[in-house]
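Structure record follows, encoded as structure tokens.
Just so we're on the same page: letters track the sequence lines, and every chain starts at 1.
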Amino acid sequence: MQLELSAEDAAFREEMRTYFTTEFPQDIRDTVLEGRELSQEQIVRSQQALNAAGLAVPHWPEEWGGRGWTDLQRHLWHEEMQAAGVPTPLAFNASMIGPVIAQFGTEEQKARFLPATANLDIWWSQGFSEPDAGSDLASLRTTAVRDGDDWIVNGQKTWTTLGQFGDWIFTLVRTDPEVKKQAGISMLLIDMTSPGVEVRPIELIDGSHEVNEVWFDDVRVPGDLMVGELNSGWTIAKFLLGNERVGVAPVGATKRALATLKRNAGDLLDDPLTRARVAELENELLALELTALRVVAHSAGGEPHPASSVLKLKGTELQQAVSQLALDLAGPGSLAYGAEDDSEVPGWARRSAPTYLNLRKASIYGGSNEIQRQIIARTILGL
Amino acid sequence: MQLELSAEDAAFREEMRTYFTTEFPQDIRDTVLEGRELSQEQIVRSQQALNAAGLAVPHWPEEWGGRGWTDLQRHLWHEEMQAAGVPTPLAFNASMIGPVIAQFGTEEQKARFLPATANLDIWWSQGFSEPDAGSDLASLRTTAVRDGDDWIVNGQKTWTTLGQFGDWIFTLVRTDPEVKKQAGISMLLIDMTSPGVEVRPIELIDGSHEVNEVWFDDVRVPGDLMVGELNSGWTIAKFLLGNERVGVAPVGATKRALATLKRNAGDLLDDPLTRARVAELENELLALELTALRVVAHSAGGEPHPASSVLKLKGTELQQAVSQLALDLAGPGSLAYGAEDDSEVPGWARRSAPTYLNLRKASIYGGSNEIQRQIIARTILGL
Amino acid sequence: MDFTYDDEQTALREAVRGLATKAYGSFEDRRQVVAQAPGFDEAQWARLAEMGVLGLPFSEDDGGVAAGPVEIGLVCQELGRVLAPEPFLASVVHAGGLVAAAGSPEQRADLLGRLAAGEIVLAAADTSPGDRWSADGGGVTAAQDGEAWTLTGVRDPVPNGARADHLVVTALLPDGGTGLFVVEGSAATRSDYAVIDGSRAARVQLDATPAVPLGEPGHDLRPTIATISDITRIMGAQQALGVMQAQVASTTDYLKSRKQFGVTLNSFQALTFRAADMYVSLELAHSVVDWATMVVGSGTRADIASAADRVGLQVSRAARHIGQEAIQLHGGIAMTAEYSVGVRTAHLAVLEQWLGGAQHHLTRLAATVTDHETVEALG
Amino acid sequence: MDFTYDDEQTALREAVRGLATKAYGSFEDRRQVVAQAPGFDEAQWARLAEMGVLGLPFSEDDGGVAAGPVEIGLVCQELGRVLAPEPFLASVVHAGGLVAAAGSPEQRADLLGRLAAGEIVLAAADTSPGDRWSADGGGVTAAQDGEAWTLTGVRDPVPNGARADHLVVTALLPDGGTGLFVVEGSAATRSDYAVIDGSRAARVQLDATPAVPLGEPGHDLRPTIATISDITRIMGAQQALGVMQAQVASTTDYLKSRKQFGVTLNSFQALTFRAADMYVSLELAHSVVDWATMVVGSGTRADIASAADRVGLQVSRAARHIGQEAIQLHGGIAMTAEYSVGVRTAHLAVLEQWLGGAQHHLTRLAATVTDHETVEALG
């Protein structure tokens, strides 16, 4: 047991910190640090800056831009990025389809997609969820039917985050309706400009437009855009969803959110009950961060560490708890959601209610907290 | 809607309060108010005093000592009793077997048992739970087999509270092993001095001896000691367990415990976090008491109000929460569990750890809180 | 001691429920109404007036029907159940309550009469940026010149402030204390904006704006203002109760009908137990709401203040619990603006601000724990 | 940065686990041992000495092996796992720690040498009735007459105080500050009593009782005493971690094997989800315990004090949660003294007092929230 970073890791962290705080575009960091919304242009520019610095896809195979870092180094990279207010690379590209193509794709697919994916020249969307499936992903109904070398896709996806910006979408489609539901699923890459693809916005309760429905009406997809074997989509999806050990819990971002809230709170921190809430949250965040370190320190090979579910569960709870504290500290100012920027009610207070509501999604999307509890009970405890 | 008691109910409450605080034996109240353990003699003397005043079994049929009160009046009686530190009548007698015999018993059984039951001349024990049954009461295995007019009982009961003082025990026994498990159960009254009955103490984690195992080894029980029809035991048990709407939640006792704790806490109440915990508990107790009032005000006929489960669930949680606050306020003094009475560590602090541990039972015994949640989900919400 | 509605109250409830459900039983209708200014349906406001609802609290001399807090509360509850956006709480209970408590007979007859008739909307303006549920008037100062009064300062947020024909404004008096003034809506500089639940509020800027004192000018009205705030909180709790009842009902229905993994969600015990816990929160809150409402009818100012704290704490906690669980148990669908569940949770977050928030009330109650031995439900 | 045991540490853990399991793997054996004075097994104490465990923290000059906090912590964890009643924490970590930190070379060689050899038991006496985790010595005063010192006052509770051969007592010095003194156990008036978890503590009365100062007489040792208290808390947290691991394992096993309503309990999702939540509490606590243990090895006094607060808060909360849920998920059986689960929960309640309790630490941490921007796990 050893608390200190090795000299090498400490130097690595310093290198990351220096790049993120001195070289990375300041306007993008300011937007994040002040809790404002990033534009599409900023997200693209951010990832391209990271990619130019070799920091966008460090976990990919080195041939495609990876860096061969240890999990601890990836953790430090990820935490320093969040602490500095640098947006993490677009997950659909960097954490989802990129590793999948690198693992399961043909050489042609790799060459065609990976560089553009790392550089966010292609913006990927995710087409997994369907309206009637929810947590029961395998019950999906979108079909792909053979037509010569092509596939004809029909159906509907939903909860497609940032789909309004998507160039391509990676989808799970049913290619064999006759077999047990997990067995008949394949993964197709679909150009979102194809005829028959329609993206419809979903307005969320915080007024934001971050998710979409994506409709497929006789969309023709060339056969070479299937990833992996026919009917192996479920295996690929499990790889994709279980791929991540680093950055599962938003530790750095939540720490930053709490630090910002403390700064904004001012005199409100004189209240002993508020101080106690802050102290309790800080302690739980420490426990979470240490647990994330234990996970990265222990993980070996490509297997997901089961304690990732602990991180997801507790991480989203704490993220939500900080947003609740912000709402409480904002008080009546939280009503001023739609006020103009020149309002005397400070921006953090005006954003507190939408942020609180928006973050309710954190315990639903990407494997709900009920799914995480089930994974812990079954996989870890054997129940 | 009307907050005030009617003049009649207000007078009734005053009458109760006067009796409990001026006429009832003071030594017994002192024992309760100081949180010490009642002796068997005190419990008997207490109930006999109440019975002499007509206050032991007010909800029984008037012919057997009942008073024909409204549920609200019973509630007031019960709360005033607890507020004054008067022990409530022994539940096994007053709330369980008494009403059962009055409802299902033969005239001979009524005449033989009810007066002695009301006056605690017979101390009843409950023989329902079995070692392998737990919440699944109907899986009981104790058998009663016909032998002429008699029954021969074999098996084991457990969690028999205060069974060491029991004169008689009312039991559920399997009289037909061939049918579906609920269908083959009957209720037998058994004299605990019968040959073959053995009571073995169970030591609990707080060091107390309040529950027992009761073993039956070829115990002969005369046929006229069956209550109700053969194989109707399940119906009777449901009547017995669902009979109670008044006093389901220990509101008065918990309020008293919190008031006593505040008095004992002294300077510790200067701590704003402690004050906040007390305030939160007081508010929840108010909500609970008001809910109990709503239940008694709404209940009609003999049907249990389903919200009784809300009272049991929240009532035990608050009872436990107050005991946790006491443990926290006792601090290191809570270690002095076995210290002599002349210890400088005050009695409430010395009793805090055993009380905390003992009250863990509150959410287990008498229908665990999981069972209560199930009742709410199924019966009230229809889930 | 009685927790039931009498026949007249039940009839009122049915009538209000009928009107509210007709207008907003389809959530899409509510969505369309709040999408544009003034954020509610003027025609529905007129229908509420027609039914006598807008005059409920006021005396007959003032054009009302002198109903009690139970009646007012059940209206709030029914409006909450369907998320009706009409400003009953803001305009009738709060602003109307201030006029009724402090206005001269003429002012009452005029303002409340027109309010009861549905001809005007009032708004109470008592909060400035940074205020936390104080009713002391800070943020706006009153100045007197002969008979004429003017007000200067900023009030924000003012619920329904942009639509209001008249604003009822708290202000610091020149000689100390806090007064109440009526300002013509059009005389103030107002910026209208949307609140997260689809309702509207405004920043109201007063700059030596002409104002008419409510009642005798120059008196310190802090106790009156505080009591009306407390009553508004208790009625806000009634509205939250209606919302929470709808949340529990929606969640229960959803668990029964929604299928996942080939079975309905109520096959999952972890979910049904959480629904049971929601019900427990709801029922405990319900009890305290009923109680506090009755205290409004029979208690002193101090009793009402204490009841507002107790109901504020209990209902804020319950609103948080039920609002969050309703979304979680529904899953993604409840995150969408098209679906009522998430918007109800947004409305509960807004009502918490009306109520005052759990920690605010907890702190006030904590200050009193050594003043009593026990808290008694019955006097 | 590394959270794993090295090979030697793993070997030590296996050895201690073997010894502990052999003695107390059957809970009934533990039950019989604690049923009579001194509340632990002297033979097991000797075996721990033989294995070198009782001298782990002390320097080689003092008869120990100069092991670090990780080794000491894993011993505590293993002893906690089986509820071993031997007073390692009280005698070696706490009292021994005070002697090691403040004693003269001769005192250390004598007391720690005999302690390491299993020849004596020490007890730290630093708490008087009403004390709440202060280490300032209040409750006992020291008086000097030439070279001779005497102590007067009451210490209670003193864990293992009646059995101790020597008591290490904090006391107020005549010229201010707090000193440490060794008192012969037999020279004090002691009343032995049982603690709720089956361990023993005592009231210790000192009445001008002869005492020997540890180290140079008359120096204020408050910083030293506080640090040893903090280290003891962190090691108490290690012990609690072992207990909690056992609670989660027992609960999981029970849910898998126990049948109700014709199926094993792990068919009930509401129960398995609660077991999952226990695991979450356990793992988060585990991380903080490991971290705090490492801070003992590398941090300043202030770092250690802060780590003790953080681990005290996290582990007290986890102990409450896991202890209560373990009983609830087992049901009635866990209420009985014959079954280990409830007694483990009792032991956790006792360890919370060693740790200092959640609210105590929370209050201390709350005082510091404006001193830093974030709390950093890595320096």
Task: Which atoms of C:Ala346 approach chain A - backbone, side chain, both or neither, heavy atom under 4.5 Å - done: both
TODO: Quick one: do A:Asp342 and C:Arg203 satisfy salt bridge (charged side-chain N to carboxylate O under 4.0 Å, His left out)? Show the steps, please.
DONE: CA-CA 11 Å; A:Asp342 61 355; C:Arg203 174 178 186 277; 5.8 Å; no
Open item on the list: Let me confirm one number: the CG-CD distance from A:Leu268 to C:Gln359, rounded to the nearest 0.5 Å.
Closed with: 9.5 Å
Task: Atom pair CG (A:Leu137) and CZ (C:Phe261), whose distance is rounded to the nearest 0.5 Å - done: 9.0 Å
Task: Interatomic distance, C:Gln324 atom CD to A:Ser363 atom OG [nearest 0.5 angstrom] - done: 8.5 Å
TODO: With a 4.5 angstrom heavy-atom cut-off, could you sort out which part of A:Ala330 is near chain C: side chain, backbone, both or neither?
DONE: backbone
Open item on the list: Tell me whether C:Lys259 at atom NZ has more than 12 heavy atoms from other residues, nucleotides or ligands lying less than 6.0 Å away.
Closed with: no
- [ ] For A:Lys181, check salt bridge (charged side-chain N to carboxylate O under 4.0 Å, His left out) against everything at least two apart and list the hits.
- [x] A:Asp136
TODO: Identify the residues of residues 270-277 of chain A whose heavy atoms come closer than 4.5 Å to a heavy atom of chain C, ordered by number, or report 'none'.
DONE: A:Asp271, A:Leu273, A:Thr274, A:Arg277
Task: A:Arg378 CZ: over 12 foreign heavy atoms closer than 6.0 Å - done: no
Open item on the list: Please output the residues of residues 333-341 of chain A in contact with chain C, using a heavy-atom cutoff of under 4.5 Å, in numerical order.
Closed with: A:Ser334, A:Leu335, A:Ala336, A:Tyr337, A:Gly338, A:Ala339
- [ ] Would you mind telling me which of C:Ile327, C:Ile196, C:Asp197 makes a side-chain contact (heavy atoms from CB on, under 4.5 Å) with A:Ile205?
- [x] C:Ile327
TODO: Identify which part of C:Ser191 has an atom lying under 4.5 Å from any heavy atom of chain A, answering side chain, backbone, both or neither.
DONE: neither
Task: For A:Leu327 against C:Ala349, the heavy-atom pair lying closest together - done: CD2-CB, 4.4 Å
Open item on the list: Keeping C:Arg132 on the side-chain end and A:Leu329 on the backbone end, is there a donor-acceptor pair under 3.5 Å?
Closed with: yes
Task: Residues that C:Arg31 engages under salt bridge (charged side-chain N to carboxylate O under 4.0 Å, His left out), provided they are two or more places apart - done: A:Glu203
- [ ] Output, in order, the C-alpha distance, side-chain angles, deciding distance and verdict of side-chain contact (heavy atoms from CB on, under 4.5 Å) for A:Glu370 and C:Leu271.
- [x] CA-CA 9 Å; A:Glu370 289 71 43; C:Leu271 306 186; 4.0 Å; yes
Open item on the list: Which heavy atom of C:Pro157 sits nearest to which heavy atom of A:Pro332, and what is that distance?
Closed with: CG-O, 3.4 Å
Open item on the list: Report which part of A:Pro131 has an atom under 4.5 Å of a heavy atom belonging to chain C: side chain, backbone, both, or neither.
Closed with: backbone
Open item on the list: Using heavy-atom distances under 4.5 Å, tell me whether C:Arg258 contacts chain A through its side chain, its backbone, both, or neither.
Closed with: side chain
Open item on the list: Less than 4.5 Å apart, side chain to side chain, heavy atoms only: is that true for A:Arg360 and C:Thr345?
Closed with: no
Task: Heavy-atom proximity to chain A below 4.5 Å, by part of C:Ala334 - done: backbone
Open item on the list: Within this structure, what is the OH-CZ distance for the pair C:Tyr193 and A:Arg350, rounded to the nearest 0.5 Å?
Closed with: 9.5 Å
TODO: Kindly give the heavy-atom pair with the smallest separation between A:Asp328 and C:Glu352, and that separation in Å.
DONE: OD1-OE1, 4.4 Å
Open item on the list: For A:Arg373, which atoms come within 4.5 Å of any heavy atom of chain C: side chain, backbone, both, or neither?
Closed with: side chain
